[in-house]
Structure formats: C-alpha cells, structure tokens
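Just follow the structure's listing: the first ligand is 1, and inside any ligand the first atom is 1. For this chain, numbers begin at 1 and follow the sequence in order.
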Amino acid sequence: MTTVEPAVLTDVPGWFWELDRHLFEWVLDRQSRTGTRGDLLELGAYLGRSAIVMGRHLAEGETLTVCDLFESEAPDEENAAEMARFYRETLSRAAFEANYLAFHDHLPQIVQGPTSSLADGRIPAGSCRFVHVDASYLYEHVAGDIRTARAVLQPQGVLVMDDYRSAHTPGVAAATWEAVLNHGLRPICLSECKFYATWGDPEPYQRELLATSGGAPGCGTSTDTVAGHRVLRLDGRPTPAFPVSRHHDRLAQQHRLAAAERAATELAARRAAAAAARRPGAVARQVAADLLPPLLSDALRQVGRQAERRAGRRG
Ligand SMILES: C[S@@+](CC[C@H](N)C(=O)[O-])C[C@H]1O[C@@H](n2cnc3c(N)ncnc32)[C@H](O)[C@@H]1O
C-alpha cells in the first residue's frame, strides 16, 4: 500500500471527529493541570489518527502503548470477518508508523496482536491515566478489553469506549452498559461516538464540563440520569487546533500550487463557456435542443453552425 504523507491530522484516515478530539485533549490536559501522572493505552490504533493526538499529551517518563492486529491473524473467525470487512485493504503497521512519525519524534510502544494478549499483565496494574478502547466490536472482545482497562487504570483514570451506540456495534453497547450496571463503571459524558467514564468519581470532571459548557466554544451540554447515574451529553463542533505534521510546509506548498492550477483551469473553462454563450443563436439553439423533436432541432443546429462559421470569418 502506498503511504501518503499526512500534512495535518485530517489527512490520516480514521474515525476520530472534532468533538472527541476536543474531549481527548480536554481530559488529558485536565489530568496534567491537576497533577495526575500515568501512562496512556489505546486498543485499536488503525492508521494512528487518535494515537497521534494521545501522543501529544505524554509528559516526561510517561508511555503510550498501542495494541492492534495490523497484518496479524485475528484470533477467531468473527473477528477475521470484521477485519476483512473494515480494515484489511487499508491497514498496515508500516502505514501506522509513518503517520505517527509525521507528527512525533518517537514511535509509541506497539503491541502487534490481539488485545486479549494484554490480559497477561504486561501493562502494569494501575499504571494508566487514560485508556481508549477502539478495537474489535464483538461483545466478547469488548468485555475483555474493559476488564483489561479496569486492571491497568488508576482509580481516577478515564476510560473512553468507541462506538458505544452505533447501529453496527451492538456488542460494544452491551459490554459498555454492562460495565456500568454490573461492574462499577461511572459515566462522565457521552459524545455521538464515544463514552467517557471512570471507576473513580466522575463528579469533578462533570462539574468542570458543565461550568465551561463542554470546555470549548461551539460545545453544548445537557444532562440525563440513567439507572441512577448522572450522564452529560455533549454536542457541537468545536474547532481545536490541528496538530501539524513535519511534512506540513513542503506539502502545503504543493497543495497551494495544485489549488492555483485548479483555479486557473476553472477560470479558463468559465471564460470559454461565456464566449460560447455570446455566439449568435446560442440561447435559441439550447432552447430548441431542449424542447423540439430531434429532426427539427438537428436542422436548427445546422443553421446555427453556419451562422457561427460566418461569425468566425468576421472575427
Ligand atoms: C476503528 S479502528 C481504530 C481507529 C483508531 N482508533 C482511530 O481513531 O483512527 C479498529 C482497529 O482495531 C483493530 N482490531 C480489530 N480487532 C482487534 C483485536 N482483536 N485485537 C487488536 N486489534 C484489533 C483493527 O485492526 C483496527 O485497526
């Protein structure tokens, strides 16, 4: 697969939209502001779009680990079918690495394999402040990923679940709400695509989000109660600044040249169309072509062409 150099984050393919990018940055910044230290973990990295944002928030001594199958075999048939349907054509570890290195000096720690391999305790218990679960959509896998997240998160750490309510991901919905209803997970807030929660106290996060209307201009909040849990719903399209890749200046110059060429071509086409419209009989010929029976309009077209030739000889 050809790797296209990304100039800005949105050049990296993926499913990570503005509101969630803002919420990732907000949670991670808030943790830094309040002196919370710890590692970051992502299950399901694809081509790096969310990992690149997480990597921007590493403080000295902290580690980002990403776990993805990339080109490896899926551990079961259903997971293999999911991989074939959504990712196989576009995904490679090399492409992930190239994208990540366009924005950062060093790669994260990469575990290539199923997320179930993390259940062996290789990520130390209680070492993480932030975990993003965005790998398989199958219930059994997601339930396992949530157990791993619980083991590695600090008490006040934040878990983000992707696709907790999409039409094609009922297994994620089931595993996420099961963790809330049966295993002590407490919701902080919901966006359209992601579920933010903690096994600690969600109140300080919620208080600040409510006080700042979601933490950014363009955001809105509303409140629900679900089985006794307060849940904030966030909406809007904040416009956080995009991280810019190290290829940005060179590619930006190429993009500017390409845009200038496109504009020149369009201008030439518009001028040619305007000149054609000014030729004698142009409007009448178009009306005739639209309305008259074919034989009659062919005859009129011939008359028009003769008139054009005469006009051409004059010009
Ligand atoms: C939705 S994509 C991740 C998107 C990425 N977080 C982003 O924002 O761009 C899901 C990823 O999970 C990986 N995946 C699926 N099943 C997996 C499994 N059992 N173990 C590890 N990774 C898996 C796929 O290879 C794919 O890259």
In this structure, does ligand 1 have an atom that sits under 4.0 Å from one of the heavy atoms of [X]?
| X | answer |
| --- | --- |
| Trp17 | no |
| Gly113 | yes |
| Glu82 | no |
| Ala74 | no |

For [atom], which protein heavy atom lies nearest, and how many Å away is it?
| atom | answer |
| --- | --- |
| atom 4 (C) of ligand 1 | Asp134 OD2, 3.3 Å |
| atom 9 (O) of ligand 1 | Arg49 CB, 3.6 Å |
| atom 26 (C) of ligand 1 | Asp68 OD2, 3.5 Å |
| atom 15 (C) of ligand 1 | Met83 SD, 3.5 Å |
| atom 20 (N) of ligand 1 | Thr115 N, 3.0 Å |
| atom 12 (O) of ligand 1 | Ala135 CA, 3.3 Å |
| atom 16 (N) of ligand 1 | Asn79 ND2, 3.2 Å |

Given the rule that I, L, V, M, F, W and Y join up when any side-chain heavy atoms are under 4.5 Å apart, are Tyr87 and Leu138 in one cluster?
no
Residues Gln156 and Thr198: side-chain donor-acceptor under 3.5 angstrom
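Thr198 and Gln156 do not have a side-chain donor-acceptor pair below 3.5 Å.
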[X] to ligand 1: N or O pair under 3.5 Å?
| X | answer |
| --- | --- |
| Leu69 | yes |
| Tyr87 | no |
| Ser50 | yes |

Interatomic spacing from OG in Ser222 to CG in Leu190 - rounded to 0.5 Å:
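Answer for the OG-CG pair, Ser222 versus Leu190, is 9.5 Å.
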Look at the aromatic rings of Phe195 and Tyr164 and report parallel, tilted or perpendicular, splitting at 30° and 60°.
perpendicular
Any donor-acceptor N/O pair, Asp163 side chain to Ser166 backbone, under 3.5 Å:
no
Run the salt-bridge test on Arg233 and Asp224 with the 4.0 Å N-O cut-off and return the result as yes or no.
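Here Arg233 pairs with Asp224 in a salt bridge, since their nearest N and O are under 4.0 Å apart.
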Less than 4.0 angstrom from a charged side-chain N to a carboxylate O is my criterion; do Glu71 and Arg93 meet it?
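Salt bridge absent between Glu71 and Arg93.
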Mind checking whether Tyr196 and Tyr205 have ring centres under 6.0 Å apart?
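No, the ring of Tyr196 stays outside the 6.0 Å limit from the ring of Tyr205, centre to centre.
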Atom indices of ligand 1 within 4.0 angstrom of [X] heavy atoms, with elements:
| X | answer |
| --- | --- |
| Tyr137 | 1 (C) |
| Gly14 | 9 (O) |
| His141 | 19 (N) |

Kindly give the heavy-atom pair with the smallest separation between Val8 and His248, and that separation in Å.
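In this case the closest contact between Val8 and His248 is CG1-CD2, 3.9 Å.
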Yes or no on side-chain contact (heavy atoms from CB on, under 4.5 Å) for Cys193 and Trp15, after CA distance, side-chain angles and deciding distance?
CA-CA 9 Å; Cys193 303; Trp15 302 265; over 6 Å; no
Quick look: Leu91 vs ligand 1, heavy-atom contacts under 4.0 Å, and the answer is side chain
So for Ala45 against ligand 1, with non-hydrogen atoms under 4.0 Å, the contacting part is backbone
So does Arg85 have more than 12 non-hydrogen atoms from other groups sitting under 6.0 Å from CZ?
no
Aromatic Phe103 / basic Arg56 pairing, under 6.0 angstrom, 45° off normal
no
